[in-house]
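Sequence lines set the chain letters: A, B, ... in the order given, protein chains first and strands last, and positions in each chain run from 1.
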Number of protein chains: 2
Amino acid sequence: METRELRYFIAVAEEAHVGRAAERLGMAQPPLSRAIAQLERRIGADLFVRAPRGMTLTLAGETLLREGRTALAAVEAAERRTRRTVATPGPAPVVLTAKAGASSELMAKLLDAYAAEPDAVDVEVVLSPPGHQALMLRDGRADVAILHRPFDDLSGFDVDVLNVEDQVLILPAGHPASRATSLTVAEATSIPGLPTPRWPRLDGTYPEGPGPELRDLTQVLQLVRLGRAAIVMPESARVNVRDGLAVVPVSDAAQVTTVIAWPPQSVSSGVASLVRTASRLFDAPRA
Amino acid sequence: METRELRYFIAVAEEAHVGRAAERLGMAQPPLSRAIAQLERRIGADLFVRAPRGMTLTLAGETLLREGRTALAAVEAAERRTRRTVATPGPAPVVLTAKAGASSELMAKLLDAYAAEPDAVDVEVVLSPPGHQALMLRDGRADVAILHRPFDDLSGFDVDVLNVEDQVLILPAGHPASRATSLTVAEATSIPGLPTPRWPRLDGTYPEGPGPELRDLTQVLQLVRLGRAAIVMPESARVNVRDGLAVVPVSDAAQVTTVIAWPPQSVSSGVASLVRTASRLFDAPRA
DNA sequence: CGGCGCCATACCGCCCGGGTATGACGAGAG
DNA sequence: CTCTCGTCATACCCGGGCGGTATGGCGCCG
């Protein structure tokens, strides 16, 4: 199978529509139809069921979509890292990616401590939207990432645990519920008049639901301050809490684990020393 | 980058010789030369240094070889698993791979216990040469594997630890060294007249050294019995020890960890239940 | 029942990947 | 110093395949 075929397949699978997929790929519809048919013949299995409105995946198609995405990311990573190998004759800089607004205190400490190391190399920090960090690590755009269980998919990475914390509910100051000393998740997410905001999925669309659609932490906190929402977050988010906000522990929420993650078989000495610094600084239990 | 280009590059890199690589790929030399040159142009970096005798990798080339191998394996895995998804309409059978002769007792227990489970599916056991298990898992020929640290590269897999054990020296019965109650690695591998056998590397070639070249456990034990060799092995290999052999603990040898490993994002329910059975049966400390 | 939306088929042209023949170039032998 | 050999690169040709346009088949819906 060629990566071109894989790209075509993934486009059609994601759009569920040959015409739109062709447009996205910058080509005409018929050759794409033919390429998909050829792929199905070569694989020896139907990948789509042709419905009168678009196409949907078969079981085999779902397998290929899941595995093919990581495979394609691996190929892109190989190409990207090869390019970067030659670009810099000196010590290779390290690209670190993290979710904008999360673990900022921890990252500041890490970067300060690392810069003081004798073997430190340049660290380029890339703040990307929630959920994109793992993708960037998989396709070679980043060398190392700060990720959070259970939100990010850590599978396939080597990781070191940096921190484990509980979650809290952030809600408008003065709201009756803010007088509680502790809440359950069920209680926290069903307070009348304070719906849970919705975050965009990886493809930019929003899940269905009653809450407002939001894109970053600042927006959320502003909305909470206005008495229009409440949100459950790791307690390290307290550092962002100023006037107008109240915080209540959520007793039964999943613990959030902050990890530093890097691709297996990484040979970058910069990544290795950065990870070493992180483990020395934080080195939390493996919970 | 297309997988075809990647295959070509890997062939040339491994052979360090365009002519031989072309032969191995079943094509003529000139188009292969051209393909490599095109790849270098597209990547924007020299991958080889042209020497009068063959070609050697640059730094960028080494990166592409390392990352490209896993990427290519991922693409092949995607294709293979897609084929296998459709092949069987019923519950999907599971392919388990393990090193021939290793952990046989543990595997027997596991397979017996699993077969008795209510949700058990067919398990196809593939015994392959040492070191090939991880490859098979990476390229989709197997769904789950029994691996051994520190010998196998576990990076990128999800694992459960099943067993941790020390290593012992197996030597001819009656040999003076067999009267020792314990040996160090240095002592065990430098007994006059008892060289350590050499095992083939993944590509089938042998490392340099004084010991005999061998291919499987039976050969080794026979040679030891004949007084021509001695070998350090995990102590579970004692079950293979019969007349004519002696066993001495090796105090400072690395502990051997037996794990069950599977690809991340595996969705096979068969793999999941097999792993569950294994953890329940053995569930060793995570040392 | 007509029109529409969507995918498949038919057919064509051109690019590119593969083949053969040959050149360039450095190493080593004499 | 030169001849030869080994190795990779270049030149050139050919054919398959990929992408393009035009059009057909076929459910759905109005």
Side-chain angles (χ1 to χ4, degrees), chain A residues 1-62 64-65 68 72 75 79 82 86, chain B residues 1-62 64-65 68 72 75-76 79 86:
Chain A
M1 196 170 36
E2 293 303 314
T3 56
R4 182 181 50 86
E5 301 178 282
L6 206 45
R7 273 188 286 268
Y8 288 2
F9 167 77
I10 292 174
V12 174
E14 287 180 352
E15 301 284 347
H17 189 289
V18 182
R20 279 196 301 271
E23 192 181 355
R24 180 170 129 189
L25 292 166
M27 64 187 291
Q29 170 260 319
L32 183 55
S33 273
R34 194 183 48 194
I36 296 294
Q38 276 179 11
L39 181 60
E40 287 181 316
R41 265 201 306 279
R42 279 215 267 271
I43 299 255
D46 284 352
L47 300 172
F48 295 97
V49 289
R50 273 72 173 173
R53 296 283 178 216
M55 306 168 76
T56 61
L57 288 169
T58 61
L59 265 179
E62 284 176 19
L64 186 58
L65 181 58
L72 191 55
V75 173
E79 190 169 346
T82 304
V86 78
Chain B
M1 196 171 33
E2 293 302 314
T3 57
R4 182 180 50 84
E5 302 179 281
L6 206 44
R7 272 187 286 268
Y8 288 2
F9 167 77
I10 292 174
V12 174
E14 286 179 354
E15 300 286 346
H17 190 289
V18 181
R20 279 196 301 272
E23 192 181 355
R24 180 170 128 190
L25 292 166
M27 66 187 290
Q29 170 260 318
L32 183 55
S33 272
R34 194 183 48 194
I36 296 293
Q38 275 180 11
L39 180 61
E40 287 181 315
R41 266 201 305 280
R42 280 213 267 271
I43 299 257
D46 284 351
L47 299 172
F48 295 98
V49 290
R50 274 69 173 175
R53 297 283 177 212
M55 307 168 76
T56 61
L57 288 169
T58 61
L59 266 178
E62 283 175 21
L64 186 58
L65 181 59
L72 191 55
V75 173
E76 288 169 3
E79 189 169 347
V86 77

Answer yes or no: does a side-chain N or O of B:Q38 lie under 4.0 Å from OP1 or OP2 of C:dG17? yes
Figure out the CD/P separation between B:E2 and C:dC15, and round it to whole Å. 19 Å
Rounding to an integer number of Å, can you tell me how far A:D46 CG sits from C:dA8 P? 11 Å
How many whole angstroms separate atom CD of B:Q29 from atom P of C:dG17? 17 Å
Rounded to whole angstroms, how far apart are CZ on A:R50 and C1' on D:dC28? 19 Å
Output the single nucleotide from D:dG20, D:dC8, C:dG19 whose closest atom is nearest the side chain of A:P31. D:dG20
Tell me, do A:M55 and A:H17 make a side-chain contact under 4.5 Å, heavy atoms counted? no
Whole-Å distance, B:E5 CD to C:dG18 P, equals 10 Å
Taking A:E5 as the fixed residue, which of A:R41, A:R34, A:R42 is the one that meets the salt bridge (charged side-chain N to carboxylate O under 4.0 Å, His left out) rule? A:R42
Rounded distance in Å - CD1 (B:I36) to C1' (C:dC16): 16 Å
Taking donor-acceptor contacts at under 3.5 Å, does the side chain of A:R34 reach the base of D:dG19? yes
Please check the phosphate of D:dC8 (OP1 and OP2 only) for any side-chain N or O of B:S33 closer than 4.0 Å. no
Look at the side chain of B:V18 and decide which nucleotide, out of D:dG19, D:dC8, C:dG18, has an atom nearest to it. D:dC8
Compare the minimum distances between each of C:dC7, D:dT21, D:dG20 and the side chain of A:P30, then state the nucleotide with the smallest one. D:dT21
Decide side chain to side chain donor-acceptor pair (under 3.5 Å) for A:S33 and A:Q29; before the verdict, give the C-alpha distance in whole Å, the side-chain angles of both, and the deciding distance to 0.1 Å. CA-CA 6 Å; A:S33 273; A:Q29 170 260 319; 3.1 Å; yes
Provide the closest heavy-atom pair for B:M1 versus A:T3 in the form atom of the first, atom of the second, distance. O-OG1, 2.8 Å
Taking only side-chain nitrogens and oxygens of B:H17, does any of them come within less than 4.0 Å of OP1 or OP2 of D:dC8? yes
Using the closest heavy atom to pick a nucleotide of DNA chain D for each, name whichever of B:R20 or B:A37 lands nearer the 5' end. B:R20
When rounded to whole Å, the CG to P distance for the pair A:L32 and D:dG17 reads 19 Å
Side chain to side chain, A:L72 and A:R7, heavy atoms closer than 4.5 Å: yes
Please classify the nucleic acid contact of B:F48 as base, sugar-phosphate, or nothing, using heavy-atom distances under 4.0 Å. nothing
Roughly how many Å is it from CZ in B:R41 to C1' in D:dT10, rounded to a whole number? 12 Å
